[in-house]
Amino acid sequence: QVQLVESGGGLVQPGGSLRLSCAASGSIFSTDAMGWYRQVPGKERELVAAISSGGSYNYADSVKGRFTISRDNAKNTVYLQMNSLKPEDTAVYYCNIKRREALASIRHYWGQGTQVTVSS
């Protein structure tokens, strides 16, 4: 029903920038929240940034002031602008849709992930 395709990952030097894009297709609701998570080996997937349909934001403390999330509802696309990248930002980044459904349930949809490597 929902497909998420990430792009924009790659290798970048510390202090550099990358812009991740996630194109959503299928049954996308205007009320869906969209966001980015990341995961490194041996650790749980963690929230990086999220944006609601109403334009509110949520950032991990580790990326505040460096990353910016935005969305283009007409294109069903969410972006993550990453500046001042650090080696500890190295991870697989996953696009996410968070949907509130009936019966007080919340459902997450995930992309395949894109590798971001920050190294000199």
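Only this structure's heavy atoms are used, side chains among them; waters, hydrogens and symmetry mates stay out.
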Exercise. How many angstroms lie between OG in S25 and CG in N76, if you round to the nearest 0.5 Å?
Worked result: 8.5 Å

Problem set entry | Heavy atoms from other residues, nucleotides or ligands near CD of Q39 exceed 12 (cutoff 6.0 Å) | yes

Seminar exercise, completed: For E6 and Q112 the tightest heavy-atom approach is OE1-N, 3.1 Å

Problem set entry | Q115 and T117, any side-chain heavy atoms less than 4.5 Å apart | yes

Exercise. Are R71 and T77 side-chain neighbours, meaning at least one heavy-atom pair lies under 4.5 Å?
Worked result: no

Exercise. How close do A33 and S52 get, heavy atom to heavy atom, and via which atoms?
Worked result: CB-CA, 4.1 Å

Exercise. Hey, what else clusters with L20 if you join Ile, Leu, Val, Met, Phe, Trp, Tyr whenever side-chain heavy atoms sit under 4.5 Å?
Worked result: V2, L4, V12, L18, I28, M34, W36, V48, I51, Y57, Y59, V63, F67, I69, V78, L80, M82, L85, Y93, I97, Y109, V116, V118

Problem set entry | Steps toward side chain to side chain contact (heavy atoms under 4.5 Å, CB included) verdict (I106, K98) | CA-CA 7 Å; I106 298 174; K98 182 180 180 180; 3.7 Å; yes

For this session: Look up atom CG in D32 and atom NE2 in H108, then write down how far apart they are to the nearest 0.5 Å.
Result: 11.5 Å

Problem set entry | Distance, nearest 0.5 Å, that separates CG of L47 from CG of N96 | 8.0 Å

Exercise. Distance from K75 atom NZ to C22 atom SG, nearest 0.5 Å?
Worked result: 14.0 Å

Exercise. Could you walk me through whether L11 and S119 pass the side chain to side chain contact (heavy atoms under 4.5 Å, CB included) check?
Worked result: CA-CA 7 Å; L11 175 64; S119 176; 4.3 Å; yes

Problem set entry | CA sep, side-chain torsions, deciding dist, call: S7, S21, side chain to side chain contact (heavy atoms under 4.5 Å, CB included) | CA-CA 5 Å; S7 63; S21 298; 3.7 Å; yes

Exercise. Does NZ or CZ of R19 fall inside the cone over Y79's six-membered ring, less than 6.0 Å from its centre and within 45° of the axis?
Worked result: yes

Exercise. Counting only heavy atoms not in Q1, do more than 12 sit closer than 6.0 Å to its CD atom?
Worked result: no

Problem set entry | Distance in Å, E101 CD paired with L103 CG, rounded so as to fall on 0.5 Å steps | 9.5 Å

Exercise. Does R38 count as lying over the ring of Y94, i.e. NZ or CZ under 6.0 Å from the six-ring centre, within 45 degrees of the axis?
Worked result: no

For this session: Carefully, step by step, assess R66 and D89 under the rule salt bridge (charged side-chain N to carboxylate O under 4.0 Å, His left out).
Result: CA-CA 11 Å; R66 300 188 297 119; D89 294 318; 2.8 Å; yes

Problem set entry | For P14 against S120, the heavy-atom pair lying closest together | CD-N, 3.7 Å

